[in-house]
Amino acid sequence: MLATALPERPQSAAQAVRRLLGASRRQACASASLVVAAGALSVACHAHAWLALFGAMLLPMLLAALGLLAASHWRRPGWSTLWSMLALLLMSGGALAQWLYQLWLASSHTPGLNRLQIGVSAIGFGALVLAIPLSQAQSQARTLHMAQLRQAALHAELQALQAQVEPHFLYNTLANARYLARHDPDQAVHMLVLSRC
Amino acid sequence: MQPHYIVLAAIAATSLYAVAAPSAPLPAPWMLSGKTPAAYEAGIDQSVTGDTKGAKFIRYTNGDDKTWATLMQQFGADDYRGKRIRFRASIKTAGVSQWAGLWMRVDTAARHNASFYNSQDQPITGTSNWQVREVVLDVPADANAISFGVIQGGTGQVWIDRLQLAAVDGSVPLSVQPQLAVTNKPSL
């Protein structure tokens, strides 16, 4: 009943994930074509080092985003589950990116980032772009929830007061009518007639 | 995944690329020298260093792969005349087809090669992890220039890091270049 009286429901963790990390078909197509275009362009310009870094940035982020989306689709994880999943997915994605990057580096004989640098960058980037919007959504949801609780409390208080006020006036009027009926019947009739109008 | 995430990843990769890209050529007083310096490039690699200054590297790029080159510096001998000096550095190699090593040379007005050692008797070949190497030479009283550096023969790449150059006392053994080693007894 409360929820219908209020403008908006606080977003659940799953809803926030779907809103922030999900994409419409068009957006997904745009993203995929951006990745393909960036890949093709860097291959054409022989910017293999850049492509390797781009891949290392994308991998943990994509893995974490897809994992969270899948989890939000099949189940309804709470915020704490979501955060631990994000940490776990980013870590494993980062480790995978690090391993692949080092593999590429060893085969290409070009200078690049070392193990620590690439690992920290890949995980750090993923954490930055995914965690910041999610934590904002979480704090918004919390603020909204608090506001709704406060509003619900006020609403309940108001109803309680109304419940007290209404019989009070009724009894007052009845007492007046009884008094007038005893002492001044004409006036009582007048009052009742008036009060009916 | 919305497109702006991809754009962010591209921006991040670009900034990392700028960080990872080694600065080549290496700033003076470092210079490339040797038989065919044009077949090599030199630079600073911040990704493998244990030092804030970054590791210096020399890398074969193209051309004659039977050649050699060196990444070196030369400075006036004024502060070291009559002393024994030691050039010490960490060295690491990747796919060196001939050999690599630290070297140092002292020139006097009279002789171009008054003291010299080039690690030829302890060559580092192929791919190897960091190891500390040193060259110890006496600086004659009439010395005018000291050169030091790292030599690379053939293809591959060599890094040097944590470079030190200092006077040491006479108890530190000298590095002896094999063909210059002279015995006191002739073989008859």
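These numbers come from the heavy atoms of this one structure, side chains and all, not from hydrogens, waters or symmetry mates. Residue numbers start from 1 in every chain, and the chains themselves are labelled A, B, ... in the order their sequence lines are given, proteins ahead of strands.
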Minimum heavy-atom distance between A:S31 and B:I6, given as atom pair plus value: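 Distance-wise, the nearest heavy atoms are CB-CG1, 3.8 Å.
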Any idea which heavy atoms bring A:W50 and B:T14 closest together, and the distance? NE1-OG1, 3.0 Å
Chain B contact via A:P133 - side chain, backbone, both or neither, heavy atoms under 4.5 Å: side chain
Between [options], which has the largest tally of heavy atom pairs under 4.5 Å with chain B?
options	value
A:L69, A:L20, A:L62	A:L20
A:G22, A:A28, A:G126	A:G22
A:L21, A:V35, A:L53, A:L51	A:L53

Just so I know, are the side chains of A:L58 and B:Y5 near enough to count as touching, which here means a heavy-atom distance under 4.5 Å?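 A side-chain contact is absent here, since even the closest heavy-atom pair is not under 4.5 Å.
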A side-chain contact here means heavy atoms from C-beta on lying under 4.5 Å apart; do B:L8 and A:M57 qualify?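 Sidechains of A:M57 and B:L8: no contact.
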Is there a path of hydrophobic side-chain contacts, each under 4.5 Å between heavy atoms of I/L/V/M/F/W/Y residues, joining [Y] to [X]?
X	Y	result
B:V136	B:F116	no
B:L165	B:I44	yes
A:L103	A:L59	yes
A:M191	A:Y179	yes
B:L174	B:Y117	no

Can you check whether A:Q27's main-chain N or O pairs, donor with acceptor, with B:Q2's side chain at less than 3.5 Å?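 Looks like no, no N/O pair under 3.5 Å.
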Assess whether side-chain contact (heavy atoms from CB on, under 4.5 Å) is satisfied between A:F125 and B:I11, documenting all intermediate values. CA-CA 11 Å; A:F125 174 73; B:I11 292 170; over 6 Å; no
More than 12 non-hydrogen atoms from neighbouring residues, nucleotides or ligands closer than 6.0 Å to [atom1] on [X], yes or no?
X	atom1	result
B:F75	CZ	yes
A:H73	NE2	no
A:R19	CZ	yes

Please rank B:A10, B:A12, B:G156 by heavy-atom pairs under 4.5 Å with chain A and give me the top one.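 The residue among B:A10, B:A12, B:G156 with the greatest pair count is B:A10.
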